[in-house]
Structure formats: C-alpha cells, structure tokens
Q: 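Can you keep this structure in mind? I'll have questions shortly.
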Amino acid sequence: MQVIRSISAMQALARRWQRRGTRVGFVPTMGYLHDGHLSLAREARKRVGKAGKVVVSIYVNPTQFAPTEDLSRYPRDLKRDLALCRKEGVDAVFVPSDAEMYPGKMEGNYSTYIVEETLAQRMEGASRPTHFRGVTTVVAKLFNIVLPNLAVFGAKDWQQAAIIKRMVADLNFPLMIVVAPTVRETDGVAMSSRNKYLIGNLRPQAIVLSRSIAVARKTVAAATKPVSATKLKAAVAKIVATAPDARLDYVDFFDPETLLPQKQVKRGTHMALAVFVGKTRLIDNGRL
Ligand code: AMP
C-alpha cells in the first residue's frame, strides 16, 4: 500500500493508472476510520475489481468547519487508519497537509470555491452555513488529484451525497458517484468519528437519533394515509427530550432526490435530523 502526501505524486500515479486503463475507485474521508468508512472501501473494491485500484484520502478539511466548530479537536489517528486501510487491501492512501491543499490560504492567496446553490440551502446548510462550500471545494480538488472513475460516499451524510451528485452532474466531472448504506453499531447508533466525543453517560443517549427514525418509520407504516410532518416533528422532539443531555437542532422530512421538504409524510419520504448530545452534534437519516 502506498502512502502519498504530495499532490504531484498522487496525480502522477493516477495518470499512470488511467493510461493503463486501470479503473480507480475513490473514498474521501476525514480519517479516524471506522467500519462505515471501510464499508465504502469494500464497495469501491467490489466496483473496480481485483485489477482496479482503491484510493482512500484522509484529510480533515479546514474549509468545511466554522470557526466555532471542532476542527482542532477532531479525532485523528493516522497510524491506526493506515493499518486498517492496509488490512482492507487499499492500494493507496492520500494524506495531504493543509499547506499542500490550500497553499497561500493564510496569506490570502487562495480564493476559488465551488458552491452548490440549491440543495445546500436547508438542513445541514442552514445549521452550518459555510460547511457545504468547504465540502464541494475539497471534493472537487480531490477528484482533480485522484482522477477516479468512481467515488463512494456514505448514505450517513445523505444531503452531502446529493450535493456531490449534483456538483458532478453540473460540472461534468467524468466519474460516477456511488452511495453506500449507513453502517450502525449494534444498538442502532450510526458509526461516526465524532462518537469518540461521547464519554460516560452521553454515549447511550445517542440512541435517540436512530430511535426517532425507527418510530417515524413505524408511524408512517401503520398509517392508512400520509402523516403530517408537524405531527411527526413533535413526536421526534418528545423522543429527543427523553435524553437529559440531548437537544434537537432540526428534523426534516423531504424527497430523497430533490431534498424538497414534504408537509405530508408517506412511505419513501426521507427523514434527517441533527441532535446535540452534550457538546457533540450528531446527524442521522433514513428512508421511511
Ligand atoms: P467523514 O470521515 O465523516 O467525512 O466521512 C467520510 C465518508 O464516510 C463520507 O462519505 C461519509 O458519508 C461516510 N460515512 C461516515 N460514517 C458512515 C457510516 N456510519 N456508514 C457509512 N458511511 C459512513
């Protein structure tokens, strides 16, 4: 497995692969890898085959964090991440530095961003106004560096995957986006690097997110006609309130493709929510 730190070396390797007709599957991550990330690498391998190459990037992208967010304390463990990638049969791990990705940014010599203007407005975009601009910018940069034939994203970040798909379509990136299912802990909590912040009695409280989705799904399945989003939102607020350290940021019911909010919720409507558990902001989503 190659560990590559410079953009020029990664691009040179990617070009060599492309010249030989080798298919490249790419999984962008911020590291502190868990089985959710590794499931994406497995999906990439399945798609490119034994003869293809799987590239994982590990980069905690500063432009997607607001100044008040957890950039400096975001969990990192490169040694462990590399061991996990090696075990998974990943061909190359791209680990750039900030100086490599955003040269001159501190001096004001970085000024190009990619902004998706529609899907990024609501939910995560409303709560974290500069977040998706950072995500689309870094993902576009990574696509230009890794030159993949396909890239795998997790359904865990449903809105992010929808925005990336739109960016790829709108800007004609010559690659395919694959969305892989959310991997969960045995109690239903979605795996996340940020779960590391949930110490002591906070961790069991994280269950309110997946429980809210399960209850909404059951309600919709049992109803003979569409259920009002307002009613479901009240039910979710109640569930979140059962955890003493949890605070609901938002819950939304929307069309899974257009992300347009739905006042009447039926089977197939998508649900997403963000909840602070202590100081940690967790997100989850699912199809109802
Ligand atoms: P992150 O490192 O959090 O930026 O995530 C990198 C990629 O892994 C994104 O495409 C996420 O959607 C995906 N991912 C994160 N958590 C999970 C999970 N529990 N199941 C599946 N994919 C995930």
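First listed ligand is number 1; within each ligand, the first listed atom is number 1. Scope of the values below: all heavy atoms of this structure, side chains included, with no hydrogens, waters or symmetry mates.
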Q: Out of Ile58, Val183, Val27, Val139, who is nearest to atom 20 (N) of ligand 1 when you count heavy atoms only?
A: Val183
Q: Please confirm whether His34 comes under 4.0 Å of ligand 1, counting heavy atoms of the residue only.
A: yes
Q: Can you tell which part of Ala155 has a heavy atom less than 4.0 Å from ligand 1: side chain, backbone, both or neither?
A: neither
Q: Gly31 versus ligand 1: do any nitrogen or oxygen atoms come within less than 3.5 Å of each other?
A: no
Q: Going by heavy atoms, is Pro28 under 4.0 Å from ligand 1?
A: yes
Q: Number the atoms of ligand 1 from 1 as they appear, then name those within less than 4.0 Å of a heavy atom of Gly154, with their elements.
A: 9 (C), 10 (O), 11 (C), 12 (O), 13 (C), 22 (N)
Q: So, is the end of the Lys233 side chain (NZ or CZ) under 6.0 Å from the ring centre of Tyr250 and within 45° of the ring's axis?
A: no
Q: What protein heavy atom sits nearest atom 13 (C) of ligand 1, and how far off is it?
A: Leu40 CD1, 3.6 Å
Q: Would you please name every residue forming a salt bridge (Lys or Arg N to Asp or Glu O under 4.0 Å) with Arg47, sequence neighbours left out?
A: Glu43
Q: Distance under 4.0 Å to a non-hydrogen atom of Met191: what atoms of ligand 1 satisfy this?
A: 16 (N), 17 (C), 18 (C), 19 (N)
Q: Tyr197 ring centre to Arg73 NZ or CZ under 6.0 Å, with the angle to the axis within 45°?
A: yes
Q: Examine ligand 1 and decide if any of its atoms is less than 4.0 Å from a heavy atom belonging to Pro181.
A: yes
Q: Tell me, do Ser228 and Thr230 make a side-chain contact under 4.5 Å, heavy atoms counted?
A: yes
Q: Not counting sequence neighbours, which residues clear side chain to side chain contact (heavy atoms under 4.5 Å, CB included) with Leu40? List them please.
A: Val27, Val152, Ala180
